[in-house]
Amino acid sequence: MNFHVLTLFPEMILEGCNNSILKRAIEKELLTVDAVNIRDFTLEKHGKVDDYTYGGGAGMLMQAQPVYDAWLHVTGNTDGNNINDNAAVANDVMKADGASEQKKKPRTIYMTPQGRVFTQEVAKELAKEEDLIILCGHYEGIDERVLDEIVTDRISIGDYVLTGGELPALVMIDAISRLVPGVLGSEESAQTESFENDLLEYPQYSRPEVWHGKAVPEVLLTGDHKKIEAWRREAAKERTKIWRPDLYEKYAEKEQTIKRLMKQKKENAYLIDSLLKGKAKLLHTMGNAAVALGINGITYMICCETKEEGEALLAYVPKDAKVVLHNCAELNDLIDERYNLQVGDECYQSVYTQHTAMPIAHKDIRPYPISEIDYAVENYGGEQEREYLRDRILKGEFFAAYENDEIAGFCGVHAGGSLGLLYVDPKYRRTSIGSSLASYLVNWSLERGGLPYAHIRVKNIASLKMQEKMGLYVGKRTIFWTYRKEKEEE
Ligand code: ADE
């Protein structure tokens with residue numbers, strides 16, 4: 001992840017990143033922080049970058065020219081590290097097989113008290129970018145014309161006014177960096193913490209067992225992980241209810257919705273799983289129907305039984321939506337008409353409804369090594385899938401089965417959460433490798449508190465048969481991935 005900070009005080013940014021975890025991450029080349037001095041780009045001979053505001057008023061304004069030229073320097077540099085190239089391959093669409101990838105322009109974030117408020121959710125969204133340009137203002141702000149041209153997001157760190165954007169930029173860099181794989185010592189510590197699933201983090205204790213007469217809760221000494229997990233969940237709920245009733249309300253609404261959606265697990269699995277894993281934000285619930293937005297900020301998910309329900313839920317989907325996933329055939333015409341989105345994939349949904357892990361015959365299944373990406377590309381969709389597969393591998397959601405130290409097949413979790421990406425080398429077909437890979441994915445999802453499910457294109461009869469043989473239930477209704485298809489038709 002590369003941060004490019006446009007600022008009048010580069011030393012503030014560099015010093016802020018030169019300690020503790022950020023320092024180590026930069027040394028390990030997991031992050032780069034490039035602080036670009038806007039003053040270096042002014043054409044004014046005395047180095048001035050600000051001037052009075054038209055129309056009068058107190059204070060000075062940063063002028064458009066030096067800001068724009070500093071931005072051009074970052075976005076159009078010629079040293080082989082042009083961030084436009086990196087951004088073009090960003091791939092965070094919740095992807096069904098064959099769904100088109102979205103191209104994005106580089107994110108340029110202006111730190112301002114007038115922006116949307118920075119939260120853990122925004123941090124997660126931004127952590128998916130390869131490059132982020134952060135623009136720090138000073139004085140009374142920056143000439144609006146250059147902001148209009150270069151800024152993609154305006155972000156505030158809270159409802160108070162600071163003297164400049166550098167401290168907010170550092171806050172954001174810190175919160176985002178710790179979500180980059182490898183920056184924190186253990187992946188887990190970035191997962192089970194405050195704001196995951198709308199709950200605050202549970203209380204924690206270290207040695208000694210008794211301090212100031214206060215003993216550590218007994219359950220934590222039992223070594224019984226299930227009981228400890230249950231205790232922690234309750235404790236997290238309890239403190240959220242007391243300290244952050246606003247958050248708790250959101251949490252309770254989500255739990256209720258999941259319960260109602262569970263009445264039709266086989267039809268609603270994609271939404272249930274996304275909500276359970278904190279991968280979607282609930283937008284509205286209506287009886288047993290609901291609409292949510294995936295944390296990629298792109299995929300809208302609707303679960304409903306009737307066209308009327310679906311139509312009412314579409315009111316929460318903006319006009320410029322790019323991907324709508326739903327389970328109501330009668331909605332397709334309306335989605336086409338209103339959003340110009342067509343059915344790209346019609347799939348059956350298979351669901352593992354038990355809570356117990358599946359047996360796995362083939363034992364040697366491990367995270368897929370990035371050094372072997374060519375094998376995956378060759379056997380799963382070719383070059384056009386390289387970036388997607390790379391993303392899956394680097395996120396630790398792609399796995400290889402080994403036989404005699406050679407890759408015999410692979411499987412993975414799609415960015416949208418469905419299980420699949422399954423391939424078995426011809427040499428190892430009709431062995432237990434295929435079903436072992438599929439079971440491995442089911443267990444992987446269960447361990448993360450999800451509802452394991454897969455999307456299988458309606459024509460893929462062989463795969464449907466395999467799912468049923470493995471004990472997964474296939475829903476009666478199909479689900480629809482809708483997205484713009486013009487490009488394919490041209
Ligand atoms: N610049 C000044 N105050 C700010 C705030 N609260 N958030 C982001 N940028 C700012």
Side-chain angles (χ1 to χ4, degrees), residues 1-19 21-22 31 33-42 48-71 74-75 83 105-129 131-180 194-195 244 246-247 297:
M1 168 120 215
N2 309 304
F3 296 100
H4 312 262
V5 186
L6 309 181
T7 168
L8 290 174
F9 300 96
E11 62 287 353
M12 223 174 137
I13 299 295
L14 296 176
E15 279 165 23
C17 297
N18 196 27
N19 297 286
I21 292 173
L22 292 191
L31 305 174
V33 180
D34 170 27
V36 176
N37 193 343
I38 295 171
R39 201 178 295 281
D40 290 345
F41 293 86
T42 181
K48 220 162 73 83
V49 291
D50 59 330
D51 210 333
Y52 295 103
T53 52
Y54 280 115
M60 307 285 271
L61 202 65
M62 282 168 68
Q63 292 166 288
Q65 176 274 318
V67 171
Y68 187 64
D69 285 355
W71 182 81
V74 169
T75 56
I83 68 169
K105 65 174 184 171
R107 296 289 277 271
T108 301
I109 298 167
Y110 176 42
M111 304 311 308
T112 165
Q114 296 164 14
R116 79 169 151 146
V117 176
F118 187 64
T119 60
Q120 191 65 25
E121 211 167 279
V122 179
K124 273 194 213 161
E125 178 197 323
L126 296 177
K128 290 193 214 131
E129 301 285 342
D131 289 273
L132 278 183
I133 303 172
I134 305 176
L135 172 59
C136 304
H138 254 269
Y139 316 116
E140 284 306 299
I142 300 180
D143 190 309
E144 196 64 26
R145 291 167 298 183
V146 68
L147 298 178
D148 281 347
E149 268 191 39
I150 67 172
V151 166
T152 56
D153 305 66
R154 296 175 190 230
I155 293 184
S156 162
I157 60 159
D159 288 344
Y160 39 81
V161 182
L162 300 165
T163 55
E166 284 73 17
L167 287 175
L170 284 170
V171 165
M172 222 171 63
I173 290 171
D174 191 291
I176 295 168
S177 296
R178 61 191 292 291
L179 300 177
V180 172
S194 290
F195 308 113
R244 290 291 304 272
D246 57 320
L247 267 190

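Numbering of ligands and ligand atoms starts at 1, following listing order.
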Distance-only criterion, 3.5 Å: show the donor-acceptor pairs between side-chain atoms of residues 50-64 and protein atoms not counting sequence neighbours.
residue, atom, partner, partner atom, Å
Thr53, OG1, Gly56, O, 3.0
Gln63, OE1, Asp50, N, 3.4

Any donor-acceptor N/O pair, Ser156 side chain to Gln114 backbone, under 3.5 Å:
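Looks like no, no N/O pair under 3.5 Å.
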Got a donor-acceptor contact below 3.5 angstrom from the Gln65 side chain to the Val49 backbone?
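It does not hold such a pair.
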Partner set under salt bridge (Lys or Arg N to Asp or Glu O under 4.0 Å) for Glu144, not counting sequence neighbours:
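Partners of Glu144 by the salt bridge (Lys or Arg N to Asp or Glu O under 4.0 Å) criterion, ordered by chain and then number, come out as Arg154.
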Pair up each side-chain donor or acceptor in residues 164-176 with any protein partner under 3.5 Å, not counting sequence neighbours, and list the distances.
residue, atom, partner, partner atom, Å
Glu166, OE1, His138, NE2, 2.8
Glu166, OE2, Thr7, OG1, 2.6

Report all N/O contacts between ligand 1 and the protein shorter than 3.5 Å as a table of atom names and distances to 0.1 Å; if there are none, say 'none'.
residue, atom, partner, partner atom, Å
ligand 1, 3 (N), Leu162, N, 3.0
ligand 1, 6 (N), Gly158, O, 3.2
ligand 1, 6 (N), Tyr160, O, 2.8
ligand 1, 7 (N), Ile157, N, 3.0
ligand 1, 9 (N), Thr112, N, 3.2

Evaluate side-chain contact (heavy atoms from CB on, under 4.5 Å) for Arg178 paired with Ile21, printing each intermediate quantity in order.
CA-CA 8 Å; Arg178 61 191 292 291; Ile21 292 173; 5.7 Å; no
